[in-house]
Each structure stands twice: as structure tokens, then as C-alpha cells.
Protein chains: 2
Amino acid sequence: MKMNEGVEWALHSCVNLCWVGDTAVPAKRLAAFYELPPAYLNKQMQALVRAGILSSTSGPRGGFRLARRPERITLMDVVTAIEGPEDAFRCSSILADSPVGESGHDYAGSCFISMAMSKAEIAWRRELAATTIADLRDRVAKGFPESVEKIARELAS
Amino acid sequence: MKMNEGVEWALHSCVNLCWVGDTAVPAKRLAAFYELPPAYLNKQMQALVRAGILSSTSGPRGGFRLARRPERITLMDVVTAIEGPEDAFRCSSILADSPVGESGHDYAGSCFISMAMSKAEIAWRRELAATTIADLRDRVAKGFPESVEKIARELAS
DNA sequence: GCGGGTGTACTCGGATACAGGCTGTCCGAGTCTGGGCGG
DNA sequence: CCGCCCAGACTCGGACAGCCTGTATCCGAGTACACCCGC
């Protein structure tokens, strides 16, 4: 169970986009900041666009920008955009194939094991939804104020 | 991010092993209960043995049994045994390759993004650790008492 | 000098290869059982 | 009748293929800019 590496890239890039105001930043420059493969980061950004987290512009002076205020973007939004909406644990209803189960029945909501695993994932999602990109931005601004200007300059060049 | 299917199999099998007392049940019979591939389930059971959750016996009348009381086995233990101890989100310290980072430094404990993701995973793990195999066993006993005897008989045959 | 048209370069977006891990299978080592044999 | 020995079968354990998702890349469609030409 390994999370898509794009989640980390997407989160870092979203926070970075907070510092450049409303100007669009191309994937190439976002990738250069962390020395990431530009085309692959572009693929991840596309997922964020489809999820309505970013908006994209083509052509010269184009690129990506935040589609809404950072206060309205949670970590949960970003994770879901990259990983998809499905839970990590998926009840395959093996009970349906057992002597004590009913064939063809969906046990995702009734099997105690599935319910316990779902409860844990909900706790995880709740925690992710409680933090926003703005929270991260503020922590960086408070903890490393000297970096902010440098990031903005690097992404603008 | 999809969890190993063996986790579901292992959890079901652990609960089932609660009903047979201290007798060993071979992987072949555990697998037959859910019509699972026997050799592959055996592979997952091996992981539980390595984690000290089950004990195994070779030869006729051999098989797997719980290595300790179900009250002492949490869902977290089983998940860790199958999936490994690593977190789903792994900080790759991309900050170290950025203009504002220190090359070679490990940012797993200082990067705000990594910290936020870890906090969510801890909530998930805490929830998993709060439920034991005994809890699941009791819920089944309370909710489906007529199934218990049937399971025990099926696994003994 | 000014406006319009065109060419160019830039960027996103999706289609296309490559790799690693999960899924599934097979065979060998070890062990317990059960029956046969000898005392 | 009892105890020992041996053959057989059973089970775990690790080594070996196949597939599917994540990783990485490339090329085409669309667009905005900048330059050039004509008025």
C-alpha cells in the first residue's frame, strides 16, 4: 500500500502556487523547482485541473494557477484528485462465497471487518480534510519567512 | 493507493480461527471456506506467522492457529504484518533538491506537508489499533450466532 | 504612426512505452500419523 | 498383547512466472504573443 508519489508533488506545488498571486506558472517551471520530470508533473497537474483545484491556460504566459482560494482547498481534495475516490481497503465480499454468506450480496456495508476498516479510513480522511493549503502556506510563512520571497522569485523567472 | 487484498483474507481467517479453539487449521481449508486460492492464502498466513500473530505446524493435523489471545491482536497488527510497517505517504524530501532546501537533509520530520500527512496516518493507525480480533469475534457472535457453529464445523471437517 | 495579419514559440492534454509490485502457482523440506512387525 | 520401526501422506515454506497499476516520456492541438507589412 504505497501512495502515489504525485500526491507529494501536487501538495508542494499547490503551496508554492500560493506565493505567485494570480499569475500562471507552467509545469516546466514548477518541476524545475524540485528537479522533477516536467512531463510527469504536468500529468499530475492535469488531474488537479479535472478536480477543479487548478485552472490551466495554454500558450505563452500560460500554465497553472489555483482555481479557488487556498482556504477552500483541503489535503483531502488533493489526495482524492490524484488517488481517486476509492478507499484503500475494498471489501470484495468474500463472505458471499462462504457457506454462511448469501451469494451475490454486497457485504461492504454489513461485514464487520469492512465496517471497521472503513471507520479507520474515515478517521484518516477527516484528518486530511481538516487541513487546508492555506494552513500549510501560513506555517511556511511563519516558520521560514525568508524562503517565501525566494520561492516567488524562482517561480516567476 | 490500493491495499493488499491479503489483508481482507487475513482478517477474515483470524476471526474464523477464533471458533475452532486451539486446533490447527491448514491453509487449504481456510481457503476453501471463501473459495480462495489456497497457495496464495498460505503465503499471507506466512506473513502473519513471521509477525507472531499466528503459529504454524507442519505435517498431518498441522496448520495455523492463533499465537495469542484474540484480545491481544489488533487490526493494526494484521495490516502491518501484510502491508509492512511503512506509511502509505512517504516523504521523498524533494525539498532537499529545491533552492530553499538543504541538499542531503531528511525532511520527513520537518516538512509541514510530510507532518500533516503523517498526522492523518497516525489517526488511521490509532483507529485500527483500537479494534481487536476479539471485538470482531464478539460482534459476529452477537449478530450472527447461528453462523458460529457452522463455521466451526466447516473448518473442522 | 497605426492597425491587422501571420508566423512562431510556448503550453497543455492525451496517447504511448517501461518498470516494479501484487497476484497466483509450483515444488521441496520437514513432520506427524498410522499400520505392520517383532518380541 | 505391547512397543518399536518404517513408509506414506500431509503441511508449511520459500522460489518461480504473469499481469496490472504507477512511472515516465513523447508528440499533437490550441493559443497568445511579437513581428512585419500595408495603409
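Predicted model only: the values in this text are computed from it and were never measured. Just so it is clear: chains get the letters A, B, ... in the order the sequence lines come, proteins before strands, and each one is counted from 1.
Taking atom CZ of residue B:R61 and atom P of nucleotide C:dC32, one finds them 14 Å apart after rounding to whole Å. In this structure, A:E86 atom CD and D:dT21 atom C1' are separated by 13 Å, rounded to whole Å. Rounded to whole Å, atom C1' of D:dG22 lies 15 Å from atom CD of A:E8. Rounded to whole angstrom, the span from the CG atom of B:L48 across to the P atom of D:dC12 amounts to 13 Å. Put simply, NZ on B:K28 is 15 Å from C1' on C:dC27, counting in whole angstrom units. D:dT11 atom P lies 14 Å from atom CG of B:L155, rounded to whole Å. A:L41 has its CG atom 12 Å from the C1' atom of C:dC12, to the nearest Å. Put simply, CE on A:M45 is 17 Å from C1' on C:dG14, counting in whole angstrom units.
DNA chain D is contacted by both B:R29 and A:A39; B:R29 maps to the nucleotide lying nearer its 5′ end (nearest heavy atom per residue).
Close to D:dG14, at under 4.0 Å from its OP1 or OP2, lies a side-chain N or O of B:Q46. For the OP1/OP2 pair of D:dC10 and a distance below 4.0 Å, the side-chain nitrogens and oxygens of B:S58 include no atom meeting the criterion. When the side-chain nitrogen and oxygen atoms of B:S56 are compared with OP1 and OP2 of D:dG13, one or more of them lie within a distance under 4.0 Å.
Side-chain polar atoms of B:D77 and B:T74 form a donor-acceptor pair below 3.5 angstrom. There is a side-chain donor-acceptor pair under 3.5 Å between A:T132 and A:D135.
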Distances for protein N or O near nucleotides 22-24 of chain C N or O, under 3.5 Å:
from   : atom 1 : to    : atom 2 : distance (Å)
C:dT23 : OP1    : B:E5  : N      : 3.1
C:dT23 : OP2    : B:N4  : OD1    : 2.1
C:dT23 : OP2    : B:N4  : ND2    : 3.4
C:dT23 : OP2    : B:Y40 : OH     : 2.9
C:dT23 : O5'    : B:Y40 : OH     : 3.2

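Taking a 6.0 Å sphere around CZ of B:R126, one finds it holds 12 or fewer heavy atoms contributed by other residues, nucleotides or ligands.
Residue A:P60 has its side chain nearest to C:dA9 when only C:dA9, C:dG13, D:dG8 are considered. Here D:dC12 is the nucleotide among C:dT33, C:dC12, D:dC12 with the atom lying nearest to any side-chain atom of B:P26. In the set D:dG13, C:dG13, C:dG14, C:dG14 carries the atom at the smallest distance from any side-chain atom of A:R50.
Here B:Y40 contributes atom OH and B:E5 contributes atom CD; the two are 7.5 Å apart, rounded to the nearest 0.5 Å. Here the straight-line distance linking atom OG of A:S55 with atom CG of A:D22 works out to 7.5 Å at 0.5 Å rounding.
Residues satisfying the side chain to side chain contact (heavy atoms under 4.5 Å, CB included) test with B:A24, not counting sequence neighbours, are B:R65.
The shortest side-chain heavy-atom distance between A:W19 and A:V140 falls under the 4.5 Å cut-off.
Heavy atoms of B:A27 sit under 4.0 angstrom from primed sugar atoms or phosphate atoms, though from no base atom.
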